Amino acid sequence: MKYRKASLLAVLALGLAIASGLVLRAGGSPTPPAPWMVTAATALSRDSLFAAGHGRAPRAADARVARDAMLEGQRLRVERRFAEAAEAFRVVVAANPANADAWADLADCLAAATGRDLAAGRDAIERALAIEPHHLKALWLRASLELQEKRYVEAAASWRQLEALVPPGSGDARIIAANVAEADALARAATLAGGPGN
């Protein structure tokens, strides 16, 4: 019975793949398949098929899916197609939830796709730091989010944490030092005004 179910799922996955191919060839000009097609085909091939047929998903297949989606996400980000890049990084973290780099890239792309609103990537930032507490990009994003939300004391603390992780005297160190000074100044001003951020 489980093999019959696996066969049925294989047919469904193949159908989705063919549908995606038709989208790519329709009208003689290449158009990317709809995100739901990619997600559905990935979910069927990675999870449903192997769960039904073998009782587990293969690690090699997950690694391949994650690698291909990561490359696609990086390409789309370079092209400034941030919403599409975010969808690619969602595929990466679905295939490999322990990839802190992918969570940080997802957070970055979500923010860029929403006009630099870092709150859009809050959950992804937290996931990246839960996996790797000293992840440089995730720390940078968290400090920037705290600054955006006028949590200046927390922002200064995050910038200081980041400052300890970069080479002294480097370009990053100079930028971070300026950010620490800014957050400290804003925290003092907020304290004097009796407003938020202290």
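Predicted, not measured: the structure shown is a model, and the values here were computed from it.
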How does the hydrophobic cluster around Val180 look, that is, which other residues are in it when side-chain heavy atoms under 4.5 Å mark a link? Leu118, Ile125, Leu129, Leu136, Leu139, Trp140, Leu141, Leu145, Trp159, Leu162, Leu165, Val166, Ile175, Ile176
What distance do Asp101 atom CG and Ile131 atom CD1 have between them, rounded to the nearest 0.5 Å? 9.5 Å
Which atoms form the tightest heavy-atom contact between Ala128 and Ala104, and what is the distance? CB-N, 4.0 Å
Hits for side chain to side chain contact (heavy atoms under 4.5 Å, CB included) against Ala102, two or more places apart or cross-chain, chain-then-number order -> Met70, Val92, Val93, Asn99
Within the structure provided, determine whether Leu110 and Arg90 are in side-chain contact (heavy-atom separation under 4.5 Å). yes
Any Lys/Arg nitrogen of Glu149 or Arg122 sitting under 4.0 Å from an Asp/Glu carboxylate oxygen of the other? yes
Do Phe89 and Val91 share a hydrophobic cluster (ILVMFWY, side-chain heavy atoms under 4.5 Å, transitive)? no
Pair up each side-chain donor or acceptor in residues 182-189 with any protein partner under 3.5 Å, not counting sequence neighbours, and list the distances.
unit_1 : atom_1 : unit_2 : atom_2 : d
Asp184 : OD1    : Arg160 : NH1    : 3.3
Asp184 : OD2    : Arg160 : NH2    : 2.4

Working for side-chain contact (heavy atoms from CB on, under 4.5 Å), residues His134 and Gln161: CA-CA 8 Å; His134 295 148; Gln161 184 180 354; 3.8 Å; yes
Rounded to the nearest 0.5 Å, how far does CZ of Arg151 lie from CZ of Arg142? 9.0 Å
What are the two closest non-hydrogen atoms of Gly169 and Arg174, and how far apart are they? O-NH1, 2.6 Å
Using side chain to side chain contact (heavy atoms under 4.5 Å, CB included) as the criterion, list what pairs up with Glu72, not counting sequence neighbours. Arg75, Leu76, Ala88
Distance check, rounded to the nearest 0.5 Å: Asn96 atom CG versus Arg67 atom CZ? 13.0 Å
Between Gln148 and Asp117, do the side chains contain an N or O donor and an N or O acceptor separated by less than 3.5 Å? yes
Would you check if Arg116 and Ser144 make a side-chain contact, meaning some heavy-atom pair closer than 4.5 Å? no
Which atoms form the tightest heavy-atom contact between Trp103 and Pro97, and what is the distance? NE1-O, 2.8 Å
Arg80 atom CZ, neighbour heavy-atom count above 12 within 6.0 Å: no
How would you list, by chain and number, every residue that makes a side chain to side chain donor-acceptor pair (under 3.5 Å) with Glu146, sequence neighbours excluded? Ser158
Tell me the closest heavy-atom pair linking Gly121 and Ala107, and the distance in Å. O-CB, 3.6 Å
Which residues pass the side chain to side chain contact (heavy atoms under 4.5 Å, CB included) test with Arg77, sequence neighbours left out? Gln74, Phe82, Ala85, Asp105, Asp108, Cys109, Lys137
